[in-house]
Amino acid sequence: MLRLLKARLPIRMDGGRWRILLAEGRTVDKKTMVDNKTMARLLAETADLMEIDGADSFRIRSYRRAAEAAEQTTVDLAEAANDTARLLAIDGIGKGMAAHLQSIAATGTLPLRDELLAKYGAGVLELLKLPGMGPKTVALLWDAAKIGTIDQLAEAIAAGRLKGLPRMGDKQIQKLQKGIEDYRRSAGRFRIDVAEEEAGRIAAYLLKFKGIKSVTPAGSLRRGRETIGDLDLLVTGPACAPEKTGPAVEYVAAYPGIQDMIAKGDNKVSFHVDQGLQVDVRLLPEESYGAALQYFTGSKAHNVTLRQRALKMGYTLSEWALARLDDGTTVAAATEEEIYAALGMDWMPPEMRENLGEIDAAAGHDLPRVVSLSDIRGDVHMHTTASDGHNSIGEMAEAALACGYKYIAITDHSKNLAMTNGLDEKRALEQIKQVRAMDKRMEGKIRVFTGIEVDILADGALDLDDEVLAQMDVVIASVHSRFDQSREEMTERVLKAIENPNVRILGHPTGRLLLRREPFALDLAVVLKRAAELGVAMEHNAAPERLDLNDRDLRLAKELGCRIVMSSDSHDSRNLGKMVYGAKQLRRAWLTKADVLNTREAKGFLAGLRARK
DNA sequence: GCCGTTTTCGGCCCGACTGTTTTCAGTCG
């Protein structure tokens, strides 16, 4: 936004909302540019800058909290900006933060942030991302040597100008140099399935050591996040008893996949493996394994709130134990269940631990029974050799049967996707006959439904005739082309498509999985609301490389009463079982069986699909 | 700057590791 302003784009007031005039004369809501994520980023950056500036740490914390709140809320902050009461209703947003949010919504920027940026420059924010580099060191480098960017730091190191500064020994300087190299090479997160594979390899190695009994991945991997920053592995067994960890630590440090060692202590070994994934292996005595598992699973926000609760009850919670404040005696430590129980709470799945109300719910014994993979009865989006799949209808049915599904729907592409050999009306009708025959041949072991994934054309029409669509059990409408449309045009297009009574499922509702292209922008809240009214379900494509909806999208869908259909969109029979990551996401969004359409038996699923008003 | 069964002031999560120290500050998760 700032950049746009600097580029002197013509801006005008239009219907009470700022709009930017594009070159072609088309206008775009400024709202589309200041989304919640941007709000969160601006607040978090302000917190970073305040820290460098040496501001009050509690004040800084409230900026961080507000940033988290902005990231997680389902309220569209830019839209709610003129309603102060709505902003104040969000936990962590008070009078000051509400004013900041309003300032961002109106101007795209935050005066305090601008002020600090003018003082230190934007480069300090990047400096903070270097490992071992915190606000105090950034402030030191700035005060002592006017270093404000990564490039300037690299230059200063090369020129030997860091020597002699406080806390800047040879090792520290080397560490910074290496950090710069790593940062320049790759700064990123890893997909959950990639991290999980690596965790499996390391666990297999560790379990060969006598005295290591179990290895549990914790952190964001256990919480089922889409991407993982680093890998936390908790290890326990007799070899992890206090003061006896030496041999086990040495064994961990000898893992052949280690690229370079970051740290090695009595109960922690950190290193990088291939592609720069950081792994933290922690060795813990069995008696405190539950406390450690709880602690390292997080999230941070969940843990902070949990510890506050512990304090109020006269306890203190650490990675070693839940203990009494007065005499330090252990109350619970060996299992997570014991710890949560001692705090008056029910145990909850790791996916729910994001401090989004689960603590209160667990304390009130009121946790929703969230959906799990075993609740999913069928998979209703898959392709066969008729379009761009690799297997026949029969092979897909057999593979689904092996996965334990009770039904599938065959949904090949329609004719508009010529490159996939999409079906025209004639071939679609022919395939219906084949699918019905296969359904009969399976003798009720698994139901095989007819279906198609039609393309939503630029004007919102579908690319197959309604008479053909009317004969399908499942019609998924997806956007596959024309990404140059504006937010309004894209929203209109999808709205029109789901008005078609034949459409049962909206596929790829955010365009997020359409790889190598920008996800398309549409007003998801508007679309979801209409879909809920119409009884159209929204697809959540669940393979890890293409998770369709993010957590916020899913929460929004639940809030607006729009049902979800989880699917694999398999093009290969081997991928039919890959809904495990999608299921984790559904749990993260607190979805129950009632929110997910394909948790029902075949008849209930079909009835649900047809429940259109 | 936020928040309140400790409510309009005075709190606000905790321990390990590292490197530079000679008792500890800073960073990280």
Side-chain angles (χ1 to χ4, degrees), chain A residues 43 46-48 50-52 54-69 87-101 110 112 127-141 162-176 178-179 218-221 223 228-234 242 245 249 261-270 278-284 288 291-292 294-323 325 355 359:
Chain A
L43 289 171
T46 308
D48 285 344
M50 289 166 77
E51 227 173 347
I52 293 167
D56 172 61
S57 65
F58 297 113
R59 220 179 129 209
I60 293 165
R61 189 178 296 174
S62 24
Y63 278 80
R64 293 251 151 79
R65 270 198 75 197
E68 275 170 34
L87 296 178
L88 289 174
I90 301 168
D91 214 28
I93 306 292
K95 265 169 75 180
M97 287 302 161
H100 284 329
L101 292 174
L110 190 61
L112 177 59
L127 273 178
L128 273 179
K129 290 178 186 161
L130 295 176
M133 179 74 80
K136 293 288 191 323
T137 314
V138 171
L140 170 80
L141 291 174
L162 255 47
K163 281 184 186 155
L165 291 181
R167 296 189 310 276
M168 278 295 160
D170 286 345
K171 281 199 169 179
Q172 186 68 23
I173 292 172
Q174 260 175 32
K175 192 172 162 186
L176 288 178
K178 189 170 178 320
S220 40
L221 180 57
R223 293 204 312 282
I228 307 299
D230 49 30
L231 189 54
D232 280 311
L233 293 178
L234 302 192
T245 56
V249 164
M261 189 62 70
I262 301 165
K264 193 170 86 172
D266 285 344
N267 47 26
K268 178 181 162 183
V269 184
S270 298
Q278 180 173 333
V279 182
D280 297 326
V281 178
R282 296 164 199 276
L283 298 95
L284 298 143
S288 56
Q294 193 289 313
Y295 180 89
F296 289 113
T297 297
S299 65
K300 198 178 167 76
H302 174 90
N303 283 357
V304 167
T305 308
L306 202 63
R307 272 196 221 127
Q308 282 165 345
R309 180 181 174 84
L311 279 178
K312 279 184 194 149
M313 295 174 72
Y315 301 135
T316 170
L317 180 63
S318 75
E319 61 262 55
W320 297 105
L322 178 72
L325 267 177
N355 197 33
I359 291 185

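Residue numbering restarts at 1 for every chain, and letters A, B, ... go by the order of the sequence lines. Here the structure is a predicted model, which means the values were calculated and not measured. Both backbone and side-chain heavy atoms feed into the values below; hydrogens, waters and symmetry mates do not.
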Please name all residues satisfying side chain to side chain contact (heavy atoms under 4.5 Å, CB included) with [X], sequence neighbours left out, ordered by chain then number.
| X | answer |
| --- | --- |
| A:K300 | none |
| A:D56 | A:F58, A:R59 |
| A:Y295 | A:N303, A:R307, A:E319 |
| A:I262 | A:S270, A:H272, A:Q278 |

Open item on the list: So which atom in A:A139 and which in A:I52 form the shortest heavy-atom distance, rounded to 0.1 Å?
Closed with: CB-O, 3.6 Å

Task: Minimum-distance pair of heavy atoms, taken over all atoms of A:F296 and A:D232 - done: O-OD2, 4.2 Å

When the [atom1] atoms of [N] and [M] are considered, how many whole Å apart are they?
| N | M | atom1 | result |
| --- | --- | --- | --- |
| B:dT23 | B:dT18 | C1' | 15 Å |
| B:dT20 | B:dG26 | P | 14 Å |
| B:dG1 | B:dT7 | P | 24 Å |
| B:dT27 | B:dT21 | P | 15 Å |
| B:dT6 | B:dC12 | P | 14 Å |
| B:dT5 | B:dG11 | C1' | 16 Å |
| B:dT22 | B:dC17 | P | 23 Å |

TODO: List for me each residue that meets salt bridge (charged side-chain N to carboxylate O under 4.0 Å, His left out) alongside A:E68, sequence neighbours excluded, and say none if there are none.
DONE: none

Just the rounded figure in Å: distance from [atom2] of [N] to [atom1] of [X].
| X | N | atom1 | atom2 | value |
| --- | --- | --- | --- | --- |
| A:N303 | B:dC12 | CG | P | 18 Å |
| A:L284 | B:dC17 | CG | P | 10 Å |
| A:Q308 | B:dC12 | CD | C1' | 7 Å |
| A:L322 | B:dG15 | CG | P | 12 Å |

TODO: Using a 4.0 Å heavy-atom cut-off across all strands, classify A:I60 as base, sugar-phosphate, or nothing.
DONE: nothing

Open item on the list: For A:S318 and A:M50, find the nucleotide of DNA chain B closest to each by heavy atoms; which residue's nucleotide sits nearer the 5' end?
Closed with: A:M50

Open item on the list: Looking at A:N267, I'd like to know whether one of its side-chain N or O atoms comes within less than 4.0 Å of OP1 or OP2 on B:dG15.
Closed with: no

Open item on the list: Does a side-chain N or O of A:W320 approach OP1 or OP2 of B:dC14 to a distance below 4.0 Å, or not?
Closed with: no

Task: Watson-Crick or G-U wobble partner of B:dG4, both distances under 3.5 Å - done: B:dC9

TODO: At under 4.0 Å between heavy atoms, which parts of nucleotides 20-29 of chain B does protein reach? Answer with one letter per nucleotide, 5' to 3': B base, S sugar-phosphate only, - none.
DONE: S-----SSSB

Pairs of donor and acceptor atoms involving the side chains of residues 308-316 of chain A, under 3.5 Å and at least two apart or interchain, shall be tabulated with distances.
from: A:R309; atom 1: NE; to: A:L343; atom 2: O; distance (Å): 2.9
from: A:R309; atom 1: NH2; to: A:L343; atom 2: O; distance (Å): 2.9

Task: Point-to-point distance, once rounded to the nearest 0.5 Å, from CG of A:L43 to CD1 of A:I93 - done: 7.0 Å

Task: salt bridge (charged side-chain N to carboxylate O under 4.0 Å, His left out) pairs, two or more places apart, involving residues 87-100 of chain A - done: A:R65-A:D91

Are there any protein N/O atoms within less than 3.5 Å of an N/O atom in nucleotides 2-10 of chain B, and if so, which ones and at what distance?
from: B:dC2; atom 1: OP1; to: A:G94; atom 2: N; distance (Å): 2.8
from: B:dC2; atom 1: OP1; to: A:G94; atom 2: O; distance (Å): 3.3
from: B:dC2; atom 1: OP1; to: A:G96; atom 2: N; distance (Å): 3.4
from: B:dC2; atom 1: OP1; to: A:M97; atom 2: N; distance (Å): 2.9
from: B:dC2; atom 1: OP2; to: A:G96; atom 2: N; distance (Å): 3.4
from: B:dC3; atom 1: OP1; to: A:G92; atom 2: N; distance (Å): 2.7

